[in-house]
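A quick write-up on the structure given underneath.
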There are 4 protein chains.
Amino acid sequence: MNSVQNNSVATTGSEKRRAQRIDQVLDAASDCFVEFGFHGAGMAKIAKRAGMSVGHIYHYFESKEAIIAAIVDRESDAAAERFAELESIPKEELVHVMAERARDMVESKADAFQSALNLEILAESQRNPQIACILHRQDEKVRGKFKSIIADKLGLPEADARTEVILSLFGGLATRIVRHPEIEREMLIPLLKQIMRQILQDHAKD
Amino acid sequence: MNSVQNNSVATTGSEKRRAQRIDQVLDAASDCFVEFGFHGAGMAKIAKRAGMSVGHIYHYFESKEAIIAAIVDRESDAAAERFAELESIPKEELVHVMAERARDMVESKADAFQSALNLEILAESQRNPQIACILHRQDEKVRGKFKSIIADKLGLPEADARTEVILSLFGGLATRIVRHPEIEREMLIPLLKQIMRQILQDHAKD
Amino acid sequence: MNSVQNNSVATTGSEKRRAQRIDQVLDAASDCFVEFGFHGAGMAKIAKRAGMSVGHIYHYFESKEAIIAAIVDRESDAAAERFAELESIPKEELVHVMAERARDMVESKADAFQSALNLEILAESQRNPQIACILHRQDEKVRGKFKSIIADKLGLPEADARTEVILSLFGGLATRIVRHPEIEREMLIPLLKQIMRQILQDHAKD
Amino acid sequence: MNSVQNNSVATTGSEKRRAQRIDQVLDAASDCFVEFGFHGAGMAKIAKRAGMSVGHIYHYFESKEAIIAAIVDRESDAAAERFAELESIPKEELVHVMAERARDMVESKADAFQSALNLEILAESQRNPQIACILHRQDEKVRGKFKSIIADKLGLPEADARTEVILSLFGGLATRIVRHPEIEREMLIPLLKQIMRQILQDHAKD
DNA sequence: AATGAATGAGACTTCATTCAT
DNA sequence: GATGAATGAAGTCTCATTCAT
């Protein structure tokens, strides 16, 4: 369901193979985690879906925790990148692009997988400091870029608040849509666009 | 951390005691679930914190699952009630009250809906149909009341969309605030109020 | 299903009540043991079926073991008595009566309950010396009476062997019929009568 | 006590080892079941006697139930085979061989069908449908072969009845002998032979 | 006499992890 | 690199028994 990455800068054939194997594990684990949760997915199930023996997984990962951490890393990298693309968008188009972004999120079911995993990750991050740290670091990155777009490119005040509210809204939307697939998504878009416009333009008055 | 309830309509002393004991278990379990997660919290830990033997918990609950379900029930009941209060608010004050509600959510850490337990519950609901069902039922209730307020009391069109967006925003905010306690909450309020106003008034144009 | 006994020689009303209560427990326990086995029948189930609280059963029986022992006693008493009746049968009718006894056993489903309990008891007796002892004592009694009938009343040699074979046959029949209720019982009777005759008359040659 | 089998058609060393391990478990479990009963024998005891960790047993058997089922299978297979041998016996010798069979049963304590395990199995079969089914299937096989021997080879009428009575007698004898090891077995043989002859020859008159 | 709340040991089972091959 | 046999701790749940009321 999810097997794009090949972050390896490897050149050796053996290292390439290694990276492939690691991705096999990560993909299998992601699937299992979505289906059964972090705790409900046993190493045996992951190994079977990865087409690999249980023992061999431990050649690539020190522990199950390490697999979780790697997935969180990979997943939050992907999320961060998506926001990063916004940096290169010219000022005039930004509001429009962000609004389209909202449409994508609302329309695409592709994020259902992602979002389900996200909930698992968020829950885990509450007691696993390592996960919490990874998440925090990534969030910092996203937040930073966003703020600079709002403050520098759009020249708006209160960049912090605008950033937090946008991120909250996107996060909440994603979660809500996974939980309620029956929602008619189309109808949300006009209202969302409107709100995006309001947040990203200087109408702000109290 | 959490020990308010006394829903018992009991009159007998023994029934009262029973209700007390049940609440002891529920409170202890809530604590443990927040601290260790649904699956990290063993019955032993819960029993110890409830001041009760493991075996005795099973006089009150058929299984650990049943405890989880009871907690979700209790928790989502509380959340639903909070939204239900809005029904009695007169039209003119509604936007204002909702905005204040956003402030409360942002300011108070105690809010159940923003609680850590909530994330655990959401994650669990993805694979536990019973939990999913409870959540869904409650959400239906909230959604219904909200829509009727927007459509009937405020006389606005697109009540569905407005409802979904508000609920998404509140949900996302709660989650984001638990994860980032360092956010300066105060600064969010003006922007949130503005958005609430926009959603609850008929400026809607695309 | 089984509640005849009232062995109490009691005169006091309170003792009568006591005996009644004890029989309630024994009857309930018999039922449960047949349905779930000795180990599968919890005290809770027995108590409920006896219309009595769990704790109160311990006023009458020291332990679950004691209940089992009491049942075995009662059950094997009943079985022994059935054989004892043979003593008063006149010589000429004995073969006929025994043959009829075989018919009864084969025809009556009433023994199914008994026989199911018997299997449970036999299995238990293999590791519970107390049960083994009770059973042994009763068997001794039955065997003794039988032998004396065969040797003294019928004047046959090898009374021991004849006794053992008859008891084996009856035991085996009972067990087989519980296990295979589909067997057409009627057809067995002529052959059984024939065998009874052979065992109880002096055709014995090798 | 019991470790004959090597049904494995395995050629690989690993498969051979696997079969060995499985037999270790089955042997250990048989021992424990005889000593403590199906429900008195904990997995811990079985594991210790099998020289294996508790957890590892679950690589070979899905559950304790599955172990019981496997033992019943093995045990009743052995019993069925013993009866199956009769098919190849020529007509004239049959009565004689059957009579000898009775002698063997009476004399040998090793006979599986008379083993203590058997009682345990019978008792269990009363509430465990899976066990009941295995037993029934085997019994069907034995009964079928027996009937065809009696009807076709010996040309006797009422093959059903004769079969049932013989099986009852053998079953009863086995049980009785386990319970009363003090019985002088030798003395039973002449009478048993006589009865076998009567059942397997056409003296039948009512 | 009677209740049922309460206990705690022990039952079966799962699972992350290790290690010989 | 690759396997899967093996471990043992820990998990959920049951149950005979006791005791305050």
Side-chain angles (χ1 to χ4, degrees), chain A residues 14 17-18 21 38-48 50-68, chain B residues 13-14 17-18 20-21 36 38-48 50-67, chain C residues 14 17-18 21 38-48 50-68, chain D residues 13-14 17-18 20-22 38-48 50-67:
Chain A
S14 91
R17 172 133 184 87
R18 180 181 170 82
R21 293 298 246 168
F38 281 147
H39 90 285
M43 290 298 284
K45 244 176 274 189
I46 295 174
K48 179 175 283 183
M52 200 180 303
S53 77
V54 180
H56 199 46
I57 290 184
Y58 284 83
H59 278 252
Y60 301 115
F61 295 94
E62 241 192 352
S63 66
K64 195 181 176 185
E65 286 267 293
I67 297 179
I68 296 178
Chain B
S14 90
R17 173 142 184 82
R18 181 183 168 83
Q20 255 176 32
R21 293 297 249 166
F36 309 105
F38 279 147
H39 300 283
M43 290 301 286
K45 249 176 273 191
I46 296 174
K48 180 172 286 182
M52 199 178 304
S53 76
V54 177
H56 196 45
I57 290 185
Y58 285 85
H59 279 274
Y60 301 114
F61 296 94
E62 250 193 344
S63 63
K64 194 183 174 186
E65 286 266 294
I67 298 179
Chain C
S14 92
R17 172 135 184 86
R18 181 183 169 84
R21 290 299 245 170
F38 280 147
H39 90 283
M43 290 300 283
K45 247 177 269 189
I46 296 174
K48 177 175 284 183
M52 199 179 303
S53 76
V54 181
H56 199 45
I57 290 185
Y58 284 84
H59 280 249
Y60 301 115
F61 296 94
E62 241 192 351
S63 65
K64 195 183 177 185
E65 286 266 295
I67 297 179
I68 295 177
Chain D
S14 90
R17 176 144 183 80
R18 181 184 168 84
Q20 255 177 31
R21 294 296 250 166
I22 287 183
F38 280 147
H39 300 285
M43 290 301 286
K45 250 177 273 192
I46 296 174
K48 180 173 285 182
M52 202 179 300
S53 78
V54 178
H56 196 44
I57 291 185
Y58 285 85
H59 278 272
Y60 301 115
F61 296 95
E62 248 192 345
S63 64
K64 194 183 175 184
E65 285 267 294
I67 297 179

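Letters A, B, ... are given to chains in the order of the sequence lines, protein chains preceding strands, and every chain is numbered from 1.
- For Ile57(A) and dT3(F), the CD1 to C1' distance is 12 Å, given to the nearest whole Å.
- Minimum heavy-atom separation, Val54(A) to Ala44(A): CG2-CA, 4.0 Å.
- The residue among Arg18(C) and Glu65(A) whose nearest nucleotide of DNA chain E lies closer to the 5′ end is Arg18(C).
- The residue Phe61(A) sits apart from the nucleic acid: no heavy atom pair falls under 4.0 Å.
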Could you write out DNA chain F as a dot-bracket string, with dots for unpaired bases, | for bases paired across to another strand, and Watson-Crick or G-U pairs counted at under 3.5 Å? .||||||||||||||||||||
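- Shortest non-hydrogen contact noted between Ser53(B) and Ala47(B) is C-CB, 3.9 Å.
- Contacts between chain A and DNA chain E, taken as any atom within less than 4.0 angstrom of a protein heavy atom, begin and end at dA16(E) to dT18(E).
- Applying the 4.0 Å criterion to OP1 and OP2 of dG1(F), one finds that His59(A) has a side-chain N or O inside that range.
- Comparing Ser63(B) and Ser63(C) by the nucleotide of DNA chain F that holds the closest heavy atom to each, the one mapping nearer the 5' end is Ser63(B).
- With rounding to whole Å, Tyr60(B) atom OH is found 18 Å from dC13(F) atom P.
- Residues passing the side chain to side chain donor-acceptor pair (under 3.5 Å) test with Gln20(B), sequence neighbours excluded: none.
- With DNA chain F read from its 5' end, the first of the two nearest nucleotides for Glu62(B) and His56(D) is the one closest to His56(D).
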Distance-only donor-acceptor pairs under 3.5 Å for side chains of residues 59-66 of chain B, two or more places apart:
unit_1   : atom_1 : unit_2    : atom_2 : d
Tyr60(B) : OH     : His56(B)  : NE2    : 3.3
Ser63(B) : OG     : Glu65(B)  : N      : 3.4
Ser63(B) : OG     : Ala66(B)  : N      : 3.2
Lys64(B) : NZ     : Phe38(B)  : O      : 2.9
Lys64(B) : NZ     : Ala41(B)  : O      : 2.9
Glu65(B) : OE1    : Asn128(B) : ND2    : 3.1
Glu65(B) : OE2    : Asn128(B) : ND2    : 3.1

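- Here the CZ-CZ distance, from Arg21(B) to Arg18(B), works out to 11.5 Å after rounding to the nearest 0.5 Å.
- Backbone-only engagement by Arg21(D) is indicated by non-hydrogen atom pairs under 4.0 Å involving sugar-phosphate atoms exclusively.
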What does the list of N/O pairs under 3.5 Å between the protein and nucleotides 9-11 of chain F look like, with a distance for each?
none

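- Counting non-hydrogen atoms under 4.0 angstrom, Arg17(A) reaches the backbone sugars and phosphates but no base.
- A close approach under 4.0 Å does occur between a side-chain nitrogen or oxygen of Tyr58(B) and OP1 or OP2 of dC13(F).
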